[in-house]
Amino acid sequence: MDMTTCNHPAEKITVIIPMYNAAAFLKATLNSVLVQTFGNFKLLLIDDCSTDQTAEIARSYSDPRMLVVQNETNQGAGATRNKGIEYAQTTYIAFCDADDIMSPHRLEEQFNFMELHPDIDICGSFVKIIDKNGNSQGKYTFPTTHDEIAVAMFLRCAFMQSTAFIRTATLKQSGLLYKENHYAEDFDLWTRAVKQLKFHTLPRFLMYYTLSDSQLSAASHEKQQKDAFLTYARMMKELGVKYNDAIIAVHYEIAHRINETISAAWLQEYETFCHECLRKNRERKIYKEALWQRAIIHHYKKSQCLIHNKIIATLKTLFFVINHKN
């Protein structure tokens with residue numbers, strides 16, 4: 001199929017949904033897109049060789065704004081998203097995963113914000129968490145300004161993939177793409193993009209993230225953690241700090257709290273690492289200094305909470321700050 005036909009000059013947004021075995025949730029996702037208050041978009045659905053009824057469900061819709069494309073082989077989420085970026089010709093790209101749901105005003109609010117702020121390249125939002133029956137399970141909030149997002153990204157993924165609303169021209173000019181065969185491809189991309197493009201997150205709940213029984217398997221989770229470790233290592237190398245597997249393991253545990261066993265010896269290494277993070281950023285000025293200091297000191301305190309109670313962790317953090325100033 002000639003993908004150059006997927007956009008019309010009047011359309012402002014290409015909504016890209018990569019699909020893989022999403023039959024259980026896809027109708028709810030598509031319905032949430034098609035009832036958007038901003039209707040001037042093209043919906044590009046790319047099926048990554050699903051083995052269930054995903055493709056059939058997508059093709060059952062007759063909305064003229066929709067285009068369903070089939071990958072010839074299973075390529076993974078990163079390569080499938082890259083394919084959507086390649087063919088999008090509209091002013092903006094909006095991503096959505098095939099099991100998540102848009103608020104009715106999502107596209108309208110992000111479009112209006114980007115039109116009013118031409119300096120912003122990538123816009124996100126807060127996210128509500130729901131179960132497969134639509135019941136509330138919590139929420140995700142994120143830093144909102146670019147400098148806050150940049151600092152937070154060193155600590156964990158501080159931007160939700162399904163909320164991404166991107167200025168197409170600047171993304172393509174940057175040359176940034178998702179890594180293929182990568183299990184933390186969104187985290188990897190955002191940590192690279194935040195050094196080249198300007199981010200902002202709207203403090204509005206414009207997406208619903210669905211928890212389901214089909215979340216990552218244990219094997220996939222292990223691969224995702226391994227690739228996240230590689231992303232951490234790259235950022236640490238860019239900052240110029242010394243790191244090892246133990247430091248990265250502590251860093252990851254603080255961010256995700258998966259209850260890995262952390263030794264006192266590792267915490268001692270991590271304390272040295274935090275001191276070096278503060279010193280190196282003063283030299284290289286990669287991150288906004290006041291935000292960086294606050295984040296690293298807070299992260300250090302969280303590291304101490306892994307094996308100490310709050311009182312001891314607070315005292316150790318006080319000594320950490322005093323020692324750093326000296």
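Heavy-atom basis, side chains included; hydrogens, waters and symmetry copies ignored. Quick note: residue numbers are just sequence positions, from 1.
- With sequence neighbours left out, Asn133 forms a side chain to side chain donor-acceptor pair (under 3.5 Å) with no residue at all.
- When all heavy atoms are compared, the tightest approach of Ile262 to Ile307 is O-CG2, 3.6 Å.
- Under the 6.0 Å cut-off for aromatic ring centres, Phe159 and Phe142 do not qualify, their centroids lying 6.0 Å or more apart.
- Scored by the side chain to side chain donor-acceptor pair (under 3.5 Å) test, Glu271 finds Tyr300 as partners (sequence neighbours excluded).
- Legend: residues meeting side chain to side chain donor-acceptor pair (under 3.5 Å) with Asn309, ordered by chain and number and at least two apart, are absent.
- Nearest heavy-atom pair, Ile101 versus Ala28, reported as atom, atom and distance to 0.1 Å: CD1-CB, 4.1 Å.
- Under the 4.0 Å criterion applied to side-chain N and carboxylate O atoms, Arg192 and Asp188 are assigned as salt-bridge partners.
- In this structure, Tyr270 has its ring center at least 6.0 angstrom away from the ring center of Tyr243.
- Residues Leu291 and Glu148 come closest through the heavy atom pair CD1-N, 3.9 Å.
- With sequence neighbours excluded, the residues satisfying salt bridge (charged side-chain N to carboxylate O under 4.0 Å, His left out) with Glu276 are Arg279.
- Checking Arg106 against Ser125 by side-chain atom types alone, no donor-acceptor pair falls below 3.5 Å.
- Atom NZ of Lys302 has more than 12 heavy atoms from other residues, nucleotides or ligands within 6.0 Å.
- Of the charged side-chain nitrogens involved, none lies within less than 4.0 Å of a carboxylate oxygen, so that Asp99 and Lys132 do not count as a salt-bridged pair.
- Distance alone, capped at 3.5 Å, is enough to place a donor-acceptor pair between the Lys42 side chain and the Pro64 backbone.
- Considering all non-hydrogen atoms of both residues, Lys242 and Phe273 come closest at O-CD1, 3.4 Å.
- If you check the side chains of Thr231 and Thr191, you find no donor sitting under 3.5 Å from an acceptor.
- A donor-acceptor pair shorter than 3.5 Å can be found between the side chains of Glu108 and Thr37.
- In this structure, Lys128 fails the cation-pi test against Tyr208, since its NZ or CZ atom is not both closer than 6.0 Å to the six-membered ring centre and inside 45 degrees of the ring normal.
- Residues forming a side chain to side chain donor-acceptor pair (under 3.5 Å) with Ser174 (at least two apart in sequence, or on another chain): none.
- When only modelled atom types and interatomic distance are considered, Gln173 and Thr170 share no side-chain donor-acceptor pair under 3.5 Å.
- No option in Asp97, Asp100, Leu189 other than Asp97 meets the side-chain contact (heavy atoms from CB on, under 4.5 Å) test with Gln161.
- Listed by chain and residue number, Tyr20, Asn21, Asp47, Asp52, Thr54 satisfy the side chain to side chain contact (heavy atoms under 4.5 Å, CB included) test with Ser50 (two or more places apart in sequence, or in another chain).
- The pair Glu289-Lys285 fails the salt-bridge criterion, with no side-chain N (NZ, NE, NH1 or NH2) lying under 4.0 Å from an Asp/Glu carboxylate O.
- When all heavy atoms of His146 and Lys198 are compared, the closest pair comes out as ND1-CA, 3.5 Å.
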